[in-house]
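Quick notes on the structure that follows.
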Amino acid sequence: ILDQAWSYCALSVAAQLATFPISLYYFHQFPVYFLISNLFIVLPVTIIMYAGIVFLIIPCSIVIQYLGSFLNWLIRHTNDFLYYIENLPFASLGGIWISTFQFLMIYLIMASFILIISFKIRKLLLPVSVLLCVLMVSFAFKTWLDFKRHEIIFFSIRKQSAIAYVYRGESLLVADVDPSDKLFSFSIRPVLDKRGNNKLKFFHNLKSFSGDSYKGDTNFLQFANFRILRWTSDFDNLIFKERLKVNAILISGNPKSKLRDIQTSVDFSRIFIDGTNPDYKIEAWKTEAGKMNIACYVLKKNPAYIIKL
């Protein structure tokens, strides 16, 4: 039994080593408890596979009924076990992003180690050491680039609004999306993780906030020297005493104002229209912006818009 368990462990480790660069590159995570899950999943998966074949071949309805119930029970409990492992503390290391170059380098280093161990080719030790150094330098360089990154990200989200400010390895998110929402996990978090931002500050777009290089409230946002006015229905009948000057207008919350009316009160160079506005109004504003030669971007059914600062 111990020999069989050891062979399963060796097989599991070998399979994980062979696929972990793919897991990092495509799924951006590494399963910590892979050995435990793989070891305990081999037997039920084997039984499910052979029982499934028997289920397809045997024509006896009574046998199929009992076998089907057994398969259903086994599959359900196997999934429950995997779900339990997945939800254990520190079950996976997430937010790991590697480039195509790093992906290929990892496989090249692994192949070189296999040649060194299997065929005793000691001449490869020096090249492998160089490759390891190059890989480490590439990780350090990416960390430095992420720290130097300074940008604003306007997320394109259906019926909601989200803006991120990335500066010195940190992220500030102003949104009406709850961090526990799946939309945040699948549409916003991966973008920030890719930029190496482990520190995230979240503010609801209806609350005031301020920091060293940013500040904002319900209708006004400033990130470094870039100023944004969120134009909502609250401004429809509002009269300004003097003309405001901002870098961009974010039209949100389905206001009734036309762009020419906004331009009489605000000096701006570009317009963003988020997903909280109906489609027919978005098309009307796009047409009007084209006639006025104003840059306009719709944050709905489009990629996120990134401004480099």
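Note that the structure is predicted; figures quoted are calculated from it, not measured.
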More than 12 heavy atoms of other residues, nucleotides or ligands under 6.0 Å from [atom1] of [X]: yes or no?
{"X": "Asn87", "atom1": "CG", "answer": "yes"}
{"X": "Phe81", "atom1": "CZ", "answer": "yes"}
{"X": "Phe119", "atom1": "CZ", "answer": "no"}
{"X": "Ile62", "atom1": "CD1", "answer": "no"}
{"X": "Lys215", "atom1": "NZ", "answer": "no"}
{"X": "Tyr84", "atom1": "OH", "answer": "no"}

Rounded to the nearest 0.5 Å, what's the gap from [atom1] on [X] to [atom2] on [Y]? Could you check?
{"X": "Arg122", "Y": "Ile116", "atom1": "CZ", "atom2": "CD1", "result": "10.5 Å"}
{"X": "Phe202", "Y": "Lys207", "atom1": "CZ", "atom2": "NZ", "result": "8.5 Å"}
{"X": "Phe154", "Y": "Ile307", "atom1": "CZ", "atom2": "CD1", "result": "4.5 Å"}
{"X": "Thr143", "Y": "Phe139", "atom1": "OG1", "atom2": "CZ", "result": "8.5 Å"}
{"X": "Trp231", "Y": "Asp236", "atom1": "CH2", "atom2": "CG", "result": "8.0 Å"}
{"X": "Tyr297", "Y": "Lys286", "atom1": "OH", "atom2": "NZ", "result": "10.5 Å"}

Are any of the side-chain heavy atoms of [X] and [Y] separated by less than 4.5 Å?
{"X": "Val174", "Y": "Phe209", "value": "yes"}
{"X": "Trp285", "Y": "Leu259", "value": "yes"}
{"X": "Leu229", "Y": "Phe268", "value": "no"}
{"X": "Asn277", "Y": "Val298", "value": "no"}
{"X": "Ile294", "Y": "Gln263", "value": "yes"}
{"X": "Leu71", "Y": "Ile48", "value": "yes"}
{"X": "Leu93", "Y": "Gln29", "value": "no"}
{"X": "Ser213", "Y": "Arg168", "value": "no"}

With distance as the sole test, does [X] use its side chain to make a donor-acceptor pair with the main-chain N or O of [Y] at under 3.5 Å?
{"X": "Arg158", "Y": "Gly275", "answer": "no"}
{"X": "Asn205", "Y": "Ser161", "answer": "no"}
{"X": "Asp267", "Y": "Leu244", "answer": "no"}
{"X": "Glu86", "Y": "Leu88", "answer": "no"}
{"X": "Gln160", "Y": "Ala175", "answer": "no"}
{"X": "Ser269", "Y": "Asn247", "answer": "yes"}
{"X": "Ser23", "Y": "Thr19", "answer": "no"}
{"X": "Ser99", "Y": "Gln102", "answer": "yes"}

Let me check something: do [X] and [Y] share a hydrophobic cluster, defined by ILVMFWY side-chain heavy atoms less than 4.5 Å apart, either directly or through other members?
{"X": "Ile306", "Y": "Leu299", "value": "no"}
{"X": "Val32", "Y": "Leu24", "value": "yes"}
{"X": "Phe186", "Y": "Trp97", "value": "no"}
{"X": "Ile75", "Y": "Ile41", "value": "no"}
{"X": "Val54", "Y": "Met49", "value": "no"}

(request) Run the numbers on Phe103 and Tyr107 for ring-ring contact (aromatic ring centres under 6.0 Å, His included), then give the verdict. (result) CA-CA 7 Å; Phe103 170 75; Tyr107 266 122; 5.3 Å; yes
(message) Once you measure the plane-to-plane angle for Trp73 and His77, does it fall in the parallel (<30°), tilted (30-60°) or perpendicular (>60°) bin?
(response) tilted
(message) Does the plane of the ring in Phe223 sit parallel, tilted or perpendicular to the ring in Tyr165? Use 30° and 60° as the thresholds.
(response) parallel
(request) Answer with yes or no after comparing the ring centroid distance for Tyr305 and Phe272 against a 6.0 Å cut-off, counting only values under it. (result) yes
(request) With Leu108 as reference, evaluate Leu131, Val134, Leu135, Val128 under the side chain to side chain contact (heavy atoms under 4.5 Å, CB included) test and give the passing residue. (result) Leu131
(request) Could you point out which residue of Leu104, Ile106, Ile96, Ile98 forms a side chain to side chain contact (heavy atoms under 4.5 Å, CB included) with Tyr25? (result) Ile98
(message) Before you tell me yes or no, could you show the steps for Asp146 and Lys142 under salt bridge (Lys or Arg N to Asp or Glu O under 4.0 Å), namely the whole-Å CA-CA distance, both residues' side-chain angles and the distance that decides it to 0.1 Å?
(response) CA-CA 6 Å; Asp146 289 336; Lys142 182 183 182 300; 2.9 Å; yes
(message) Test of understanding: with salt bridge (charged side-chain N to carboxylate O under 4.0 Å, His left out), list the residues that count as partners of Arg195, not counting sequence neighbours.
(response) Glu151
(message) Between Asp279 and Lys300, does any NZ, NE, NH1 or NH2 come within less than 4.0 Å of an OD or OE carboxylate oxygen?
(response) yes
(request) Over all heavy atoms of both residues, which pair between Ala164 and Phe155 is shortest? Give the atoms and the distance, please. (result) CB-CE1, 3.5 Å
(message) I need the minimum non-hydrogen distance between Leu82 and Ser37, along with the two atoms involved.
(response) CD2-CB, 4.3 Å
(message) Do Ser156 and Asn302 pair up side chain to side chain, a donor and an acceptor below 3.5 Å, judged on atom types alone?
(response) no
